[in-house]
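A short write-up of the structure that comes next.
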Amino acid sequence: MSDARPDPNRQPVKIQAGGVKKGKNQGLKVVTANDLLTGEVIYFTMDRQWSVSLDEAHAVEGQDALNLLTEAALDEATAVGPYLMDVEEDLSPSGRGRLRELIRETGPTIHPEFARAKGTVH
Amino acid sequence: MYVYDEYDRAMVLDRVEEFRGQVQRRLSGAITEDEFKPLRLMNGLYLQLHAYMLRVAVPYGTLSPHQLRVLASVARDYDRGYAHVSTRQNFQFNWPKLKDVPDILARLAEAEMHGIQTSGNCIRNTTTDPFAGAAKDEVEDPRVTCEAIRQWSTFHPEFSFLPRKFKIAVTATAHDRAAIQVHDIGLEIVRNEAGEAGYRVLVGGGQGRTPHIGHFIREFLPKAELFSYLEAILRVYNLHGRRDNLYKARIKILVSEMGVEAFAKAVEEEFEHFRTLGPGGSVDLPPTEWKRIASHFEGPNLSPRDTDSAAFGDALGQDKGFAQWVRTNVHPHRQPGYVSVTVSLKPQGKPPGDITDDQLEALADIAERHGYGDVRTTHEQNMVLPHVALDDLHTAYQALSEAGLGTANHGLVSDIIACPGLDYCNLANTRSIPVANRIQERFADIEQQQAIGELKVKISGCINACGHHHVGHIGILGVDKKGEEFYQLTLGGSADENAAIGDIVGRGLSTEEVVDAVERVVERYLELRGSPEERFIEAYRRVGAEPFKEALYADAV
């Protein structure tokens with residue numbers, strides 16, 4: 001009997017990169033969302049908490065990424081609209097949504113006074 | 001301006017308390033985000049990249065100084081010290097916290113403002129000429145029609161869940177400053193041969209990913225029958241508009257697919273149905289109600305003044321900055337001795353349309369001292385003082401300049417419409433505002449800008465076209481290419497009475513290339529214009545796209 005389960009790495013996943021709503025589930029992902037109270041950008045951590053720092057995000061891939069997203073989506077008391085975003089091994093944003101996620105991480109490029117923890121996007 | 005009656009006041013205050021309860025239930029977990037999202041959107045509350053965004057309705061762009069001060073207080077107490085004028089003449093706040101929004105709405109409600117119908121598939125804020133009630137050549141004040149439409153459309157149960165959002169604009173002058181031809185419905189107030197005011201009615205215009213210039217389907221609609229006719233259009237759209245495909249749901253697609261004649265025929269049939277109901281059964285306003293609404297727009301009592309103002313003449317000769325500002329930012333008024341003034345929200349290096357809390361308060365003071373308490377927003381993301389006496393103009397200019405609101409660039413290359421783009425927006429592919437700022441920097445010399453003359457640059461960060469790039473003389477559309485920002489130029493667009501969708505002129509340009517490209521287009525225009533009086537758009541229409549393409553892509557390999 002063959003194993004008919006779909007390959008999680010080939011499944012489409014919810015991703016928000018400009019007009020792109022779906023992407024391939026390939027490579028390292030972290031779960032990101034917006035904070036319910038403030039709208040601030042947040043990331044899901046290894047201990048299943050939310051952090052405003054991408055450095056504290058839990059990066060996983062394949063079925064583990066889908067599972068992490070499912071867990072994160074259960075926490076409606078904290079987060080709005082969780083989705084998977086692409087990251088490099090050092091947790092910097094990558095892939096098609098790289099610029100968008102850099103701006104989400106660091107704040108609007110036109111208002112350096114509103115910058116978040118990291119430097120400005122160039 | 002219109003003043004709330006007891007029904008308006010009660011409805012808005014009730015809505016605030018209703019939303020307060022909805023927020024509490026979301027925070028307590030009694031309702032899910034999926035349940036809450038449409039409720040917050042109905043109150044103008046979006047979730048953007050970094051924060052919530054609250055859109056506040058400014059009906060037909062008219063504000064009082066008191067309302068400006070309330071907006072300033074919201075910016076200061078609940079946001080980050082600024083507000084933003086949108087291309088629907090509304091205000092937006094970019095950083096409110098969810099728990100504060102009911103209090104913000106309560107504060108706005110006390111000043112007769114709200115966020116109702118600033119989102120969702122309903123009839124949005126009806127926009128108009130920012131010089132309404134002051135323009136020299138207008139048939140009548142178009143805000144009376146806008147206010148009647150506001151009252152008719154607000155909470156209208158039949159039009160609360162349309163196939164898509166629906167936008168109406170009204171102009172009352174032959175020169176269209178309200179971009180009516182790129183609206184779902186455009187109304188031009190005209191007079192018939194008997195001298196009666198009525199409407200020339202257009203449908204099916206719009207921008208977005210499939211831009212259309214609308215079609216006039218009625219050359220003269222008696223004023224008394226406006227709402228029968230509007231209701232007929234909306235009913236045909238509601239019945240036949242597509243709900244299966246988000247991208248084909250606007251009325252422009254329905255008009256295009258049905259054909260203009262078939263659409264107009266269906267409207268006329270529905271219109272006849274209303275007519276058979278007679279005055280007692282139709283939705284039209286009785287004359288007394290038109291009169292009641294019009295009484296709110298009689299405007300200030302402007303005493304006659306000499307058109308030859310010595311104070312104005314002296315200041316023109318002595319203050320070079322004032323003279324430059326008068327050339328671009330001052331417009332004729334129907335009353336001799338008065339002018340209308342565009343207050344530019346496009347100083348170099350700032351996001352187009354942003355205004356700080358201090359500036360809002362300064363503008364409120366100036367409007368009270370020199371502007372008869374009347375202020376407007378414009379769809380080009382500026383503000384207007386519609387009534388200023390020539391004698392007071394220099395003093396007003398000095399006060400505006402002191403507040404950072406005296407930039408002399410209305411209609412020039414640096415007076416750019418730009419959507420929020422990827423710096424704020426969830427839908428954007430690319431940034432818009434930094435491109436606008438770099439173009440402003442390139443053309444920083446105001447004398448050079450004035451020598452170039454009228455040139456409307458409009459930038460959108462994605463195909464949804466919130467920055468109106470389709471109707472820019474130079475339009476710039478941000479596109480994503482494998483995760484990199486690129487920009488597509490269009491030329492020859494226009495949003496006035498000669499409305500046109502711009503022509504795409506070639507391959508997308510990298511972010512490094514795009515400002516040089518705009519400069520090359522401007523240089524080519526200066527080379528080929530017949531005279532300094534021939535505007536960019538006129539020159540483009542005369543020579544076509546080819547000379548500009550050559551200038552743009554001469555170095556391409």
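First the proteins, then the strands, lettered A, B, ... as listed; each starts at 1.
For the side-chain contact (heavy atoms from CB on, under 4.5 Å) with A/Arg100, the qualifying choice from B/Asn429, B/Asp480, B/Leu422 is B/Leu422, the only one to do so.
The part of B/Pro351 that comes within reach of chain A is its side chain, from C-beta onward, which places non-hydrogen atoms under 4.5 angstrom from that chain. For chain A, no part of B/Pro420 is nearby; none of its heavy atoms comes within less than 4.5 Å. Of the atoms belonging to B/Tyr46, not a single heavy atom falls under 4.5 Å from chain A. Only the backbone of A/Ala79 comes within less than 4.5 Å of a heavy atom in chain B; its side chain stays farther off.
No more than 12 heavy-atom neighbours from other residues, nucleotides or ligands sit within 6.0 angstrom of CD on A/Glu89. Annotation for B/Glu441: atom CD does not count as buried by contact number, only 12 or fewer foreign heavy atoms lying within 6.0 Å.
Residues of residues 22-33 of chain B that come closer than 4.5 Å to chain A, counting heavy atoms only, are B/Arg26, B/Leu27, B/Thr32, B/Glu33, ordered by residue number. Using a 4.5 Å cut-off between non-hydrogen atoms, no part of residues 37-45 of chain B approaches chain A.
Separating the CD atom in A/Glu40 from the NZ atom in B/Lys97 is a distance of 8.5 Å, to the nearest 0.5 Å.
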(Q) Could you go through A/His111 and B/Asp354, starting from their C-alpha distance and side-chain angles, then the distance that decides it, and tell me whether this counts as side chain to side chain contact (heavy atoms under 4.5 Å, CB included)? (A) CA-CA 12 Å; A/His111 280 295; B/Asp354 275 11; 3.7 Å; yes
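Of the possible donor and acceptor atoms, none in the side chain of B/Tyr52 sits under 3.5 Å from a partner among the backbone N and O of A/Leu37. Under the 3.5 Å distance criterion, the side-chain polar atoms of A/Asn34 are matched with a main-chain donor or acceptor of B/Leu49.
Within the 4.5 Å cutoff, no side-chain heavy atoms of B/Phe36 are placed close to those of A/Glu76. Side-chain contact between A/Phe114 and B/Asp423 is absent, with no heavy-atom pair separated by less than 4.5 Å.
Each of B/Lys350, B/Glu485, B/Lys99, B/Arg80 has some count of heavy-atom pairs under 4.5 Å with chain A, and the biggest count is that of B/Arg80.
Between B/Leu47 and A/Gly39, the shortest heavy-atom contact is CD1-CA, 3.9 Å. Scanning both residues, A/Arg104 and B/His50, for their nearest heavy atoms gives CA-CE1, 3.8 Å.
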